Amino acid sequence: MKRITIYFMMMLFAFLSSIPTYATSWVELTPDQVEKDADIIVLGTYDFSGLPIKGKMIFDGYDFNVQKVFKGDADEVITAGIDAFDKGWVKEFQQEGGGFLLFLEKNEGFRFPTPVGGPNGMIQVRNGNVVNEDAYKKNFYEQLMMTGSTAPSQNTDGPAKSFFQSAWPIVSVAGLIVFLFILNHRRGNTFP
């Protein structure tokens, strides 16, 4: 039993030490640059009721309920990236009646589009007005929202998330425990 505990602790330490950590410092982009870099521009809200899809670096993918599409193609519900550290204030802002004009870009290696330049691509909107103290940015984004928009496409299936996309750490640890149990059993050891 002591060996199993030692093996388990070593494997757990190896697993935890292999998880990368990231820090970000976003460069402020001009609204023109944000619009130019965006593949998709949509208005709507994040839905945090489900499990996130873990992405590379700091982004997690959540369902985003699309109300209007200004650029690109989008279904009624898409998976959109969000900086994991922004989830708290975004949830609070939405509970107060806010939404987001998202400027999303498709990046190689991501399974979902992410906001251009992190917070640069997440424009806060409340009651149809952009919430921003910078008059130029506020005017730019409000003018964009007055241009032609389209309704999101009708999606019948919604975003498909497999169990393994969101639960791989649990599956990995469970597999490790089963492996250690089998290894210990083959050596003739029994659990007390």
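Side chains are part of it too, since the values below use all heavy atoms of this structure and drop only hydrogens, waters and symmetry mates. The structure presented is a predicted model; accordingly, all values stated were derived computationally and were not measured.
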Do the side chains of Phe93 and Val131 get nearer than 4.5 Å, heavy atoms only? yes

Any Lys/Arg nitrogen of Glu96 or Arg126 sitting under 4.0 Å from an Asp/Glu carboxylate oxygen of the other? yes

Quick check: does any side chain N or O of Glu76 sit under 3.5 Å from a backbone N or O of Pro152, one acting as donor and the other as acceptor? no

If you count heavy atoms of other groups shown closer than 6.0 angstrom to NZ of Lys68, is the number above 12? no

Could you tell me whether the side chain of Asp47 reaches within less than 4.5 Å of the side chain of Val77, counting heavy atoms only? no

Within the structure provided, determine whether Asn132 and Ile123 are in side-chain contact (heavy-atom separation under 4.5 Å). no

Please determine whether residues Val66 and Tyr62 belong to a single hydrophobic cluster, defined as Ile, Leu, Val, Met, Phe, Trp and Tyr linked transitively by side-chain heavy-atom distances below 4.5 Å. yes

If you draw a 6.0 Å radius around CD in Glu28, do more than 12 non-hydrogen atoms from other residues or ligands fall strictly inside? no

Are the side chain of Gln94 and the backbone of Tyr46 linked by a donor-acceptor contact shorter than 3.5 Å? yes

Taking all atoms of both residues into account, what is the closest heavy-atom pair of Val90 and Phe100, and its distance? CG1-CE1, 3.5 Å

Supply the atom-to-atom distance Thr147 OG1 to Lys71 NZ, rounded to the nearest 0.5 angstrom. 11.5 Å

Nearest heavy-atom neighbours spanning Gly117 and Glu105: N-OE2, 4.0 Å

Decide yes or no for Phe48 and Ile82: does some side-chain heavy atom of the first lie under 4.5 Å from some side-chain heavy atom of the second? yes

Roughly how far, to the nearest 0.5 Å, is the OG1 atom of Thr45 from the CD atom of Gln67? 6.0 Å

Any chance CG of Asp39 has more than 12 other-residue heavy atoms, nucleotides or ligands included, within less than 6.0 Å? yes

Spacing of Gln95 atom CD and Glu92 atom CD [to the nearest 0.5 Å]: 7.5 Å

Are Ser149 and Val69 side-chain neighbours, meaning at least one heavy-atom pair lies under 4.5 Å? no

Taking the ring of Phe112 and the ring of Phe59, is the distance between their centroids below 6.0 Å? no

Answer whether the closest heavy-atom distance between the side chains of Glu35 and Phe70 falls below 4.5 Å. no

For the ring pair Tyr141 and Phe103, is the centre-to-centre distance below 6.0 Å? yes

Would Val130 and Tyr136 show up in the same hydrophobic cluster when neighbours are defined by side-chain heavy atoms closer than 4.5 Å? yes

What are the two closest non-hydrogen atoms of Arg111 and Lys54, and how far apart are they? NH2-O, 2.6 Å

Would a 4.5 Å heavy-atom cut-off, applied to side chains only, mark Leu102 and Met122 as touching? yes

Nearest heavy-atom approach of Pro115 to Gly81 is CD-O, 3.2 Å

Thr79 vs Asp63, test: side-chain contact (heavy atoms from CB on, under 4.5 Å). Steps then yes/no. CA-CA 5 Å; Thr79 300; Asp63 287 351; 4.1 Å; yes

Which atoms form the tightest heavy-atom contact between Ala74 and Val42, and what is the distance? CB-CG1, 3.8 Å

What pair of heavy atoms forms the shortest contact from Val116 to Asp37, and how long is it? CG1-CB, 3.8 Å

Exactly one of Asn107, Asp60, Asp83 clears side chain to side chain donor-acceptor pair (under 3.5 Å) with Thr114, and that residue is Asn107

Test log, rule side-chain contact (heavy atoms from CB on, under 4.5 Å), inputs Leu104 and Ile78: CA-CA 11 Å; Leu104 300 169; Ile78 62 172; 3.8 Å; yes

Mind checking the CZ-CD spacing from Phe110 to Glu108? Nearest 0.5 Å is all I need. 11.0 Å

Taking the side chain as C-beta and beyond, is there a heavy-atom pair between Leu101 and Met145 under 4.5 Å? yes

